[in-house]
Amino acid sequence: MRVHAVVPAGFDNPSQPTGGNIYDRHVCAGLAAAGWDVQVTTVAGAWPDPGPAAHAGLARIVSAIPDGETVLIDGLIASPSAAQLLPHTGRTRMTVLLHMP
């Protein structure tokens, strides 16, 4: 089984130990330990307040994910990005990783 994890750039940087980054790393590591093929893609931008370039980058990334794939989107990315994500919800199995509402 394969899963695409779409996370903020720097999520694996030990000098940025935010709760969300730690959560994303644990989820990805747990899925990999359970035998999943985890494809991590980072998205540059000032999440959760991205600019147009970050939204365009996200749109390119999500558009490139094949139909029928499982996709996990970090909550900081998903929250301000409905316009970029909603067009792909019917063709992928998309879930938002939300570690703290």
Side-chain angles (χ1 to χ4, degrees):
M1 292 183 286
R2 179 173 44 220
V3 61
H4 298 266
V6 181
V7 297
F11 98 108
D12 56 353
N13 183 341
S15 70
Q16 296 176 335
T18 69
N21 288 348
I22 292 168
Y23 182 75
D24 289 351
R25 287 195 305 265
H26 281 286
V27 168
C28 290
L31 288 169
W36 286 70
D37 175 14
V38 181
Q39 303 291 311
V40 176
T41 303
T42 60
V43 184
W47 304 99
D49 189 25
H55 274 141
L58 175 61
R60 281 190 301 276
I61 288 166
V62 176
S63 293
I65 295 172
D67 292 355
E69 295 285 310
T70 300
V71 182
L72 301 177
I73 307 280
D74 180 272
L76 285 179
I77 295 171
S79 296
S81 303
Q84 291 74 36
L85 299 177
L86 287 176
H88 304 283
T89 58
R91 63 175 200 81
T92 64
R93 293 183 303 267
M94 191 176 296
T95 301
V96 175
L97 289 175
L98 185 61
H99 82 282
M100 189 171 101

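Atom set for the values below is all heavy atoms of this structure, side chains included, hydrogens, waters and symmetry mates excluded.
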> Side-chain donor-acceptor pair under 3.5 Å between H4 and E69, yes or no?
Replying inline: yes
>> If I compare all heavy atoms of P50 with all of A54, which pair ends up nearest, and what's the gap?
In response: CB-CB, 3.5 Å
> Is any side-chain heavy atom of Q39 less than 4.5 Å from a side-chain heavy atom of V3?
Replying inline: no
> Would a distance-only check, ignoring hydrogens and angles, find a side-chain to backbone donor-acceptor pair under 3.5 Å from T18 to N21?
Replying inline: yes
> So, the side chain of R25 versus the backbone of F11: is there a donor-acceptor pair under 3.5 Å, distance only?
Replying inline: yes
>> Taking the side chain as everything from C-beta on, heavy atoms only, tell me whether L31 gets closer than 4.5 Å to L72.
In response: yes
> Taking the side chain from R93 and the backbone from V71, do they hold a donor-acceptor pair closer than 3.5 Å?
Replying inline: no
>> How long is the straight-line distance from NE2 of H55 back to CD1 of I77, given to the nearest 0.5 Å?
In response: 10.0 Å
>> Quick check for you: to the nearest 0.5 Å, what is the distance between D12 atom CG and T42 atom OG1?
In response: 7.5 Å
> Where is the tightest heavy-atom contact between C28 and V40, given as atom of each residue plus distance?
Replying inline: SG-CG2, 4.1 Å
> Of the non-hydrogen atoms in A83 and P87, which two are nearest, and what is the gap between them?
Replying inline: O-CD, 3.4 Å
> Between T89 (side chain) and L86 (backbone), is there a donor-acceptor pair under 3.5 Å?
Replying inline: yes
> Any side-chain heavy atom of P8 sitting closer than 4.5 Å to one from V43?
Replying inline: no
>> Checking side-chain contact (heavy atoms from CB on, under 4.5 Å) between V27 and each of V7, I22, L97, V38, which is the one that passes?
In response: L97
>> Once rounded to the nearest 0.5 Å, what's the spacing between atom OG1 of T41 and atom CD1 of I61?
In response: 6.0 Å
> Is atom CG of D49 surrounded by more than 12 heavy atoms (other residues, nucleotides or ligands) closer than 6.0 Å?
Replying inline: no
> What are the two closest non-hydrogen atoms of H88 and R91, and how far apart are they?
Replying inline: ND1-NE, 3.1 Å
>> Do W47 and P80 have side chains that approach each other closer than 4.5 Å (heavy atoms only, starting at C-beta)?
In response: yes
> Is any side-chain heavy atom of T95 less than 4.5 Å from a side-chain heavy atom of I73?
Replying inline: no
